[in-house]
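Residue numbering restarts at 1 for every chain, and letters A, B, ... go by the order of the sequence lines. A quick note: this is a predicted structure, and the numbers were derived from the prediction, not measured.
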Number of protein chains: 2
Amino acid sequence: MASSPTGKKADVPSVENVDTSYLEGLVGYNARRAALAVIEVFLERMAIYDLRPVDFSVLSLIAHNPGITSRQLCGTLGILPPNLVGMINALEKREVIARQPHPRDGRAMGLHLTESGAKLMRDAERTAAQLETEVAARLTPGEARTLIRLLKKVYLPA
Amino acid sequence: MASSPTGKKADVPSVENVDTSYLEGLVGYNARRAALAVIEVFLERMAIYDLRPVDFSVLSLIAHNPGITSRQLCGTLGILPPNLVGMINALEKREVIARQPHPRDGRAMGLHLTESGAKLMRDAERTAAQLETEVAARLTPGEARTLIRLLKKVYLPA
DNA sequence: TATTGTTATACTCTATAACTATA
DNA sequence: TATAGTTATAGAGTATAACAATA
């Protein structure tokens, strides 16, 4: 309600303060805004490692799942295979990961961290943990756990 | 059969079930997954109105803020001005919005819903409310309110 | 001098079709 | 026949620089 007819002109309303209450009542809108806010800080902090969020996710999954295949990465992260190829090639060229033939499937290649990749991820995961602490600082520890639990209820199949 | 691991080969591990527990402990990862899950359903439901999530957000803000300017939309939704121009033009061509000169700023144009635009948004907001009900069905009503409250604590400046 | 709206443009992200080699 | 990985390419989304009209 910000129409301000200060005179005799045609009553064309203008807006002083934008009312966002409707959008702020939607789960999807809030989830998207929160994700973008966290990712923005994530981008800044990971820049020193030259890692985007998706690179971090890929390397973290390889770190915790040595021998994981490209197809498994795609399925887990919702990335399409053609779009993963370039990332994997780049990470291999940087010598943070290495491909090894899959032990039981001649079509597939198992992905592994190199030693320098393992060191990089130790540092990067420490930075990520630090960032989590800061994000969670806006919440109580209990609220942070609750938030993650509720988000999982939203996106994980019931 | 590319290799028969009889025990002598190099011990190359492979992955049966991908361990995602590390990533699932991060707020940003979960917020992003939840946002993408909701937006995916949103895309499907809004297809009958030929509205993407961003179009819905823009029209909803115009509906609740008659006379809002492009610049105000950009600031509220985090869209860059050059990227809004095409959207506004398309919505005007569809005759769901109309531009009127801003009553006190000759540079700006106030944005308004047309009658057909108002009808479209009545239907679209009803569909969005229905979707929210379904998303929230995975949560209790209290959990849904808590989720939105915690998400806001994450992305709104303290 | 600063701001609104705009054009042009580049870069990133995501999506589709088709090929190869193995299963 | 189906799947893992790859190539090429198209489309959508997001970014910066610069300009005209107005403040």
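Rounded to whole Å, atom C1' of C/dT14 lies 13 Å from atom CD of B/E40. Between the CG atom of B/L77 and the P atom of D/dG13 there is a distance of 14 Å, rounded to whole Å. Look at CD1 on A/I39: it is 11 Å from P on C/dC13, rounded to the nearest Å. Counting to the nearest Å, the P atom of D/dT6 and the CG atom of A/N89 are 6 Å from each other. The interatomic distance linking A/I79 (CD1) with D/dG5 (P) rounds to 13 Å, in whole Å. Atom CE of B/M87 and atom C1' of D/dG13 are 8 Å apart (whole Å). When the P atom of C/dT14 is taken as reference, atom CG of A/L84 falls 12 Å away, rounded to whole Å. For the pair A/L111 CG and D/dT6 C1', the computed distance is 14 Å after rounding to whole Å.
The listed nucleotides are C/dT7, D/dT6, C/dA2; the one nearest the side chain of B/P82 is C/dT7. Closest to the B/R32 side chain, of the nucleotides C/dT14, C/dT6, D/dG5, is C/dT14. With D/dA4, D/dA15, C/dG5 as the candidates, the nucleotide lying closest to the side chain of A/R107 is D/dA4. The side chain of A/L80 lies closest to C/dT16, out of D/dT7, C/dT16, C/dG5.
One cannot find a donor-acceptor pair under 3.5 Å joining the base of D/dA4 and the side-chain atoms of A/D105.
A salt bridge does not link B/R45 to B/E40: none of the charged side-chain nitrogens sits closer than 4.0 Å to a carboxylate oxygen. A salt bridge links B/E143 to A/R149: at least one charged side-chain nitrogen sits closer than 4.0 Å to a carboxylate oxygen.
Heavy-atom distances to DNA chain C give each of B/Q72 and B/N83 a nearest nucleotide, and the one nearer the 5′ end belongs to B/Q72. When each of B/G106 and B/G78 is assigned the nucleotide of DNA chain D with its nearest heavy atom, B/G78 is the one assigned upstream, toward the 5' end.
OP1 or OP2 of D/dT6 sits under 4.0 Å from a side-chain N or O of A/R99. For the OP1/OP2 pair of C/dT12 and a distance below 4.0 Å, the side-chain nitrogens and oxygens of A/R52 include no atom meeting the criterion. Under 4.0 angstrom from either OP1 or OP2 of C/dT4 there lies at least one side-chain N or O belonging to B/R71.
When all heavy atoms of B/L111 and B/I62 are compared, the pair lying nearest together is O-CG2, 3.6 Å.
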**OP:** Decide side chain to side chain contact (heavy atoms under 4.5 Å, CB included) for B/V54 and B/M87; before the verdict, give the C-alpha distance in whole Å, the side-chain angles of both, and the deciding distance to 0.1 Å.
**Re:** CA-CA 9 Å; B/V54 64; B/M87 301 182 212; 3.8 Å; yes
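Outside the 6.0 Å centre-distance limit, the rings of A/Y49 and A/F56 are not counted as a close aromatic pair.
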